Amino acid sequence: MTFWANHRNTLIAIAAVLIAAPFVASRPVWLDSAVILGVYALLALSVGISYGQAGILTMSQGAFASVGAYAAALCSARWGWPPFTDLVLAMLLPAVLAYGVGRVVTRLSPLATALATLALGSVISIYIRHADDLTGGYVGFAGIPAIGFIDTPLEYAVLAWLLVIAVVYGYENLMRSAHGRALNVLQQDQARARADGIDVARSMSAAFALSAAIAGIAGWLYAHYVSVLSPESLDTNISVTALLMAVVGGAGYVLGPIIGTVLFDTLTRLLPAAELQGLFYGLALVVILLVARTGLMGLGEQLIGAARSGLGRRAAPAAGLPARAAS
Amino acid sequence: MTGPAFDTPVPPAAADALVASGIEVAFGGIKALAGVGATVVPGRIVGLIGRNGSGKSTLFNCMTGFVRPGAGRVTLGGADITGLPAERVVRAGIARTFQTPRIAEGADVRTAVLCGFFNSAKTSFMGSVAGFGAARREERRLREEADAVLEGLGLADLRHTEVRRLSMGLVRMVDVARCIASGARFILLDEPAAGLTQAEQETLSRQIRDVAARGVGILLVEHNFALVRSLCETVVVLETGRVLCEGAPETVARDPRVLRSYLGAVGESDEQGEAAA
């Protein structure tokens, strides 16, 4: 019972994955999409923690993912590390980078911090292009091995969504702790946070580091699944797409970024031409900022709130629209 | 009379006192404070009064780490805490409230109080994410402690109420509860009676007295002289960045300079009345 109360989002995510699994598994094409969708879901979740909770509008998640991806490539293909050991480095490296940068830039205004993350992403991407010996430069990196026994798209899809569920679980744990509450407070009111004894720069940097580590997981998974990497694989476009997914779904809600990811993916498939994607993304952002600043999850919560007060009694909680984790 | 009047004897427990002395603050070219001080002793309530712009908020902010003084010292039990950032001042045991309570309106009372426990939470950031047994036990302990704090202030029934549904008086008490949760030995209250009804003010002063009785030192920045009079043993009166006088409320209330400066119109009309008579 307590687990249900404390981990509602995790259980909803598990249920949704279990319901979708038989349909997805029936078609090989969908399995491939499910893996990529999992990578995007992880990236969008990383934006949720950074932007939705710590208030850092991050545009470097793609770069953190590429750090994780190249770490995976180097460890497994070049240095022959055993499977899964490279995941540690793929998480640690972006996290350390993000924490260090966070300590410096979180003192700035929110807009300046956002620009600093954009610059950080560019620096990482320039480094990857020019470190020929390490990353293969513009040519890239090929022949990244599979993760041990995990080989088929089905196995990758299972791994991808297990990782998504694990991240949701950890995210929920965080938001129910003193550190999660500290993030809620400092995002609303930094003076209040300081009066609670919260070191604002430190808390924000810790959240940014966690978010970078999750982006690193996404990159690690991507590198092993696709087996080739180039500087364009996980670039600033990916950062912006992940940001849009999180904002449209509801960056402040644990499951918001995942809902945004699934929605974007579905709509992108329905679009006739790839050239229209940019137009569509821009339009989606404008509409969501005009209609529902807290994303689809926020809109859903408002509608449920209105329905409840309209009925004058407590309605049954609707699946897929859980209460906001970060109040 | 020259210099401030010290009518009360030096308090016995001065060794653990929160002392500000010789504080100077300048904003641009304007001197907001020119060498002022105040002493708060555990278990006692000190009032800090003065007109708008007299520097009482600036002194308050210097003592809580929100403003760094240009000169002077703030010490806590003898240890120098001058210029420490606000979050470290809180860790040293000095908590503050805000004139306009800064509490997320959607949060319930217990969540608001839980936020005050940030310093006593031992689990690391990554430990919280992992959510192992120790982290869950700590969360349970914090909830119990938050309930105990609310119980102690008679707010236990409200713990699941949203803060936005509370009256201003209760919101201020939740803010005090949050200070107590942080383990503060000194609580600095920024105009707690502003916007409160007479009944709410009476409840609040009773609760403030209870908190002080448990050994917490309280500094009260307040406009409402009646409240200061009923609560404080010592009052510091500021005017244009200087200490105008200091002493027991009764003495301060009779001081002609205070009558002229702080009690303003009332004092003047009285004097005029006397002059006419």
Side-chain angles (χ1 to χ4, degrees), chain A residues 2-3 6-7 10 49 53-54 91-92 95 99 107 166-211 213-214 252 294 298 301 305 323-324 326-327, chain B residues 61 64-66 85-98 100-108 110-132 135-136 138-143 146 162-163 175 178-179 181-184 188 190:
Chain A
T2 1
F3 189 84
N6 296 351
H7 293 93
T10 311
I49 291 171
Q53 305 305 338
M91 290 172 74
L92 205 59
Y99 189 79
R107 290 162 207 280
V167 167
V168 169
Y169 175 75
Y171 189 175
E172 267 189 318
N173 283 338
L174 174 67
M175 295 324 291
R176 275 185 60 80
S177 74
H179 292 283
R181 285 188 290 272
L183 291 175
N184 283 337
V185 174
L186 73 85
Q187 200 193 356
Q188 275 190 331
D189 185 343
Q190 295 207 353
R192 172 75 257 182
R194 296 175 71 205
D196 281 338
I198 297 161
D199 184 334
V200 173
R202 197 171 155 184
S203 282
M204 284 175 81
S205 306
F208 193 41
L210 175 65
S211 134
I214 293 165
T294 47
E301 197 178 62
R324 193 176 199 267
S327 56
Chain B
N61 284 332
T64 49
F66 280 83
E87 63 270 16
R88 299 204 27 211
V89 171
V90 178
R91 255 172 268 166
I94 303 165
R96 68 167 292 175
T97 64
F98 291 90
T100 316
R102 298 180 149 196
I103 298 182
E105 292 200 322
D108 66 16
R110 183 162 74 175
T111 307
V113 174
L114 271 172
C115 291
F117 281 105
F118 182 76
N119 284 318
S120 64
K122 298 281 176 290
T123 312
S124 69
F125 191 90
M126 288 316 293
S128 303
V129 175
F132 294 138
R136 285 206 296 273
E138 174 162 81
E139 185 62 20
R140 217 171 303 136
R141 175 178 67 83
L142 292 183
R143 271 158 212 272
E162 282 182 18
V163 172
D175 222 2
R178 195 158 165 167
C179 291
S182 75
L188 280 64
D190 195 357

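The structure displayed is predicted, hence computed values, not measured ones. Every chain is numbered from 1, with letters handed out A, B, ... down the list of sequences.
Residue A:Ala207 touches chain B through both its backbone and its side chain, counting heavy-atom pairs closer than 4.5 Å. Heavy atoms closer than 4.5 Å to chain A are found in both the backbone and the side chain of B:Leu114. Residue contact with chain A, scored on non-hydrogen atoms closer than 4.5 Å, involves the side chain of B:Arg136 exclusively. In this structure, chain B has a heavy atom under 4.5 Å from the side chain of A:Asp189, while its backbone stays farther away. Only the side chain of A:Leu210 comes within less than 4.5 Å of a heavy atom in chain B; its backbone stays farther off. No part of A:Ala213 comes within reach of chain B, as not one of its non-hydrogen atoms sits under 4.5 angstrom from that chain.
Between B:Cys115 and A:Val185 the shortest heavy-atom distance is SG-CG2, 3.5 Å. Closest approach of A:Ala195 to B:Arg96, counting heavy atoms only: CB-CG, 4.0 Å.
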Donor-acceptor pairs are to be reported for all side-chain atoms of residues 120-131 of chain B against protein atoms at under 3.5 Å, with residues two or more places apart or in another chain.
{"residue": "B:Ser120", "atom": "OG", "partner": "B:Phe117", "partner atom": "O", "Å": "3.2"}
{"residue": "B:Lys122", "atom": "NZ", "partner": "B:Ser120", "partner atom": "O", "Å": "3.4"}
{"residue": "B:Thr123", "atom": "OG1", "partner": "B:Glu138", "partner atom": "OE1", "Å": "2.5"}
{"residue": "B:Ser124", "atom": "OG", "partner": "B:Gly127", "partner atom": "N", "Å": "3.0"}
{"residue": "B:Ser128", "atom": "OG", "partner": "B:Ser124", "partner atom": "O", "Å": "2.9"}

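At least one side-chain heavy atom of B:Arg91 sits less than 4.5 Å from a side-chain heavy atom of A:Asp199. Side-chain contact between A:Asn6 and B:Glu139: absent, with no pair of heavy atoms (C-beta onward) separated by less than 4.5 Å.
In B:Arg102, the CZ atom is crowded: over 12 heavy atoms of neighbouring residues, nucleotides or ligands sit closer than 6.0 Å.
Remark: A:Arg192 is not positioned above the aromatic ring of B:Phe98, lacking an NZ or CZ atom under 6.0 angstrom from the ring centre and at most 45 degrees off the axis.
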